[in-house]
Asks: 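This is the structure, below, for whatever I ask next.
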Number of protein chains: 2
Amino acid sequence: METSSAIEGLAALAHESRLQAFRLLVRAAPNGIPAGEIASQLDVPPPTLSFHLAHLVRAGLIDSQREGRSVRYALRVDGIRELVGFLTEDCCQGRPELCAPEGALAQDCEGCDA
Amino acid sequence: METSSAIEGLAALAHESRLQAFRLLVRAAPNGIPAGEIASQLDVPPPTLSFHLAHLVRAGLIDSQREGRSVRYALRVDGIRELVGFLTEDCCQGRPELCAPEGALAQDCEGCDA
DNA sequence: TTGATATTTCTAGAATCATGGAAACATCAT
DNA sequence: ATGATGTTTCCATGATTCTAGAAATATCAA
């Protein structure tokens, strides 16, 4: 992953509303959620939300698809995978032990359905 | 990890010079590097670099220690671990398969000494 | 076509962040 | 003390990002 893409992705998540929207879409994967519903759940005016969703799309973390008169946004799985991969590889440069979580990632996730 | 701390951390890394400095410090861990040397390696004026390093410190990703007349910055290992942990746990909410890299993290790192 | 609903684009103002010179501060040597 | 070196704080300027109302666009229903 290019470092400029990584910076895009980090910046995209480094904002309260965008992080919240992203979280909603993670939980709603792979179906996604229409823009309006996201806006009302986050209590953000539509133009503001649209601005933030566009930011996440630009960063490759989500994508959108028109569906009747609404637009459904959904997680783009590879986006976050690549971003996490960038961070861990970056950390690994010569020193794997420095920033990898103790256990394997998949194992950490076993109890996450709460 | 608090989401506000995560946002701090993401924002801290979402900048070219800061990400570069962070990378240097990852490689130089656990020894660290004096501020002046980081500045010259990145070709950034000292006041600007100082501003960025302070940002990374605030985010808990690095820390500093005076050493004679220079100040040595070093990776704070838990910082990046927590940040990566936040991202992966966030992704895992109910859907572990969505954003965990295929293999275990530690295994991904085996060939990273290049 | 007209109207209702969903979303985005336009726009301007506000807020935040980045930059780097000058000055201040800290440390050490003489 | 004085001076040299390394770093930070101060400050002003410029650049970017955020916000949300108003207007524009898209889709469907009657």
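Naming convention: chains lettered A, B, ... in sequence-line order (proteins, then strands); numbering from 1 in each chain.
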Asks: Would you say C/dT7 has OP1 or OP2 under 4.0 Å from some side-chain N or O of A/Arg72?
Replies: no
Asks: Using a cut-off of strictly less than 4.0 Å between a heavy atom of the residue and any atom of DNA chain C, enumerate the qualifying residues of residues 4-13 of chain A by number.
Replies: none
Asks: With DNA chain D as reference, determine whether B/Glu37 or A/His15 sits nearer its 5' end, using the nearest nucleotide of each.
Replies: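 Closest to the 5' end, via its nearest nucleotide, is B/Glu37.
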Asks: Could you identify which residues of residues 42-57 of chain A place a heavy atom less than 4.0 Å from some atom of DNA chain C, listed by residue number, or say none?
Replies: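 Within residues 42-57 of chain A, the residues near DNA chain C are A/Pro46, A/Pro47, A/Ser50.
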Asks: Determine all donor-acceptor pairs shorter than 3.5 Å in which one atom belongs to a side chain in residues 63-72 of chain B; sequence neighbours excluded.
Replies:
| from | atom 1 | to | atom 2 | distance (Å) |
| --- | --- | --- | --- | --- |
| B/Arg66 | NH1 | B/Gly68 | O | 3.3 |
| B/Glu67 | OE1 | B/Arg72 | NE | 2.9 |
| B/Glu67 | OE1 | B/Arg72 | NH2 | 3.2 |
| B/Glu67 | OE2 | B/Arg72 | NE | 3.4 |
| B/Ser70 | OG | B/Glu67 | O | 3.3 |
| B/Arg72 | NH1 | B/Gly32 | O | 2.8 |

Asks: List in chain and number order the residues that pass side chain to side chain contact (heavy atoms under 4.5 Å, CB included) with A/Ala11, two or more places apart in sequence or in another chain; answer none if no residue qualifies.
Replies: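 Residues passing side chain to side chain contact (heavy atoms under 4.5 Å, CB included) with A/Ala11: B/Ala14.
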Asks: With sequence neighbours left out, which residue pairs that include part of residues 42-54 of chain B fulfil the side-chain hydrogen bond (donor to acceptor under 3.5 Å, both in side chains) condition?
Replies: B/Arg18-B/His52
Asks: Report the residues that fulfil salt bridge (Lys or Arg N to Asp or Glu O under 4.0 Å) with B/Arg58, sequence neighbours left out, ordered by chain and then residue number.
Replies: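 If we apply the salt bridge (Lys or Arg N to Asp or Glu O under 4.0 Å) test to B/Arg58, skipping adjacent residues, there are no hits.
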Asks: Using the side-chain hydrogen bond (donor to acceptor under 3.5 Å, both in side chains) rule, collect all pairs that involve residues 2-15 of chain B, keeping only residues at least two apart or in two chains.
Replies: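 Every candidate side-chain hydrogen bond (donor to acceptor under 3.5 Å, both in side chains) pair involving residues 2-15 of chain B fails, so no pair, neighbours aside, qualifies.
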Asks: List in chain and number order the residues that pass ring-ring contact (aromatic ring centres under 6.0 Å, His included) with B/His55, two or more places apart in sequence or in another chain; answer none if no residue qualifies.
Replies: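 Expected list: none.
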Asks: Once you round it to whole Å, what is the distance between C1' of D/dT27 and CD of A/Gln65?
Replies: 15 Å
Asks: Between D/dT7 atom C1' and B/Ile62 atom CD1, what is the distance in whole Å?
Replies: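 So the CD1-C1' distance, B/Ile62 to D/dT7, works out to 14 Å.
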Asks: Could you list the residues that satisfy side chain to side chain donor-acceptor pair (under 3.5 Å) with A/Gln41, not counting sequence neighbours?
Replies: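 Side chain to side chain donor-acceptor pair (under 3.5 Å) check on A/Gln41 returns nothing, list empty.
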Asks: Should B/Tyr73 be listed as having a side-chain N or O under 4.0 Å from OP1 or OP2 of D/dG6?
Replies: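 No.
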Asks: For A/Leu19 and A/Leu13, which heavy atoms make the closest approach, and how far apart are they?
Replies: CB-O, 3.6 Å
Asks: With clusters defined by side-chain heavy atoms of hydrophobic residues (ILVMFWY) lying less than 4.5 Å apart, directly or transitively, does A/Phe22 cluster with A/Phe51?
Replies: no
Asks: Residues in side chain to side chain contact (heavy atoms under 4.5 Å, CB included) with B/Ala35, at least two apart?
Replies: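 Only B/Leu53, B/Tyr73 meet the side chain to side chain contact (heavy atoms under 4.5 Å, CB included) criterion with B/Ala35.
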Asks: Does B/Glu37 have any side chain to side chain donor-acceptor pair (under 3.5 Å) partners at least two apart in sequence or in another chain, and if so, which?
Replies: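 B/Glu37 satisfies side chain to side chain donor-acceptor pair (under 3.5 Å) with no other residue.
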Asks: Each nucleotide in nucleotides 24-30 of chain C should get exactly one letter: B, S or -. Can you fill that in based on protein heavy atoms under 4.0 Å?
Replies: --SBB--
Asks: Between D/dC18, D/dT7, C/dT7, which nucleotide has the shortest distance from any of its atoms to the side chain of A/Ala35?
Replies: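 Nucleotide nearest to A/Ala35's side chain: C/dT7.
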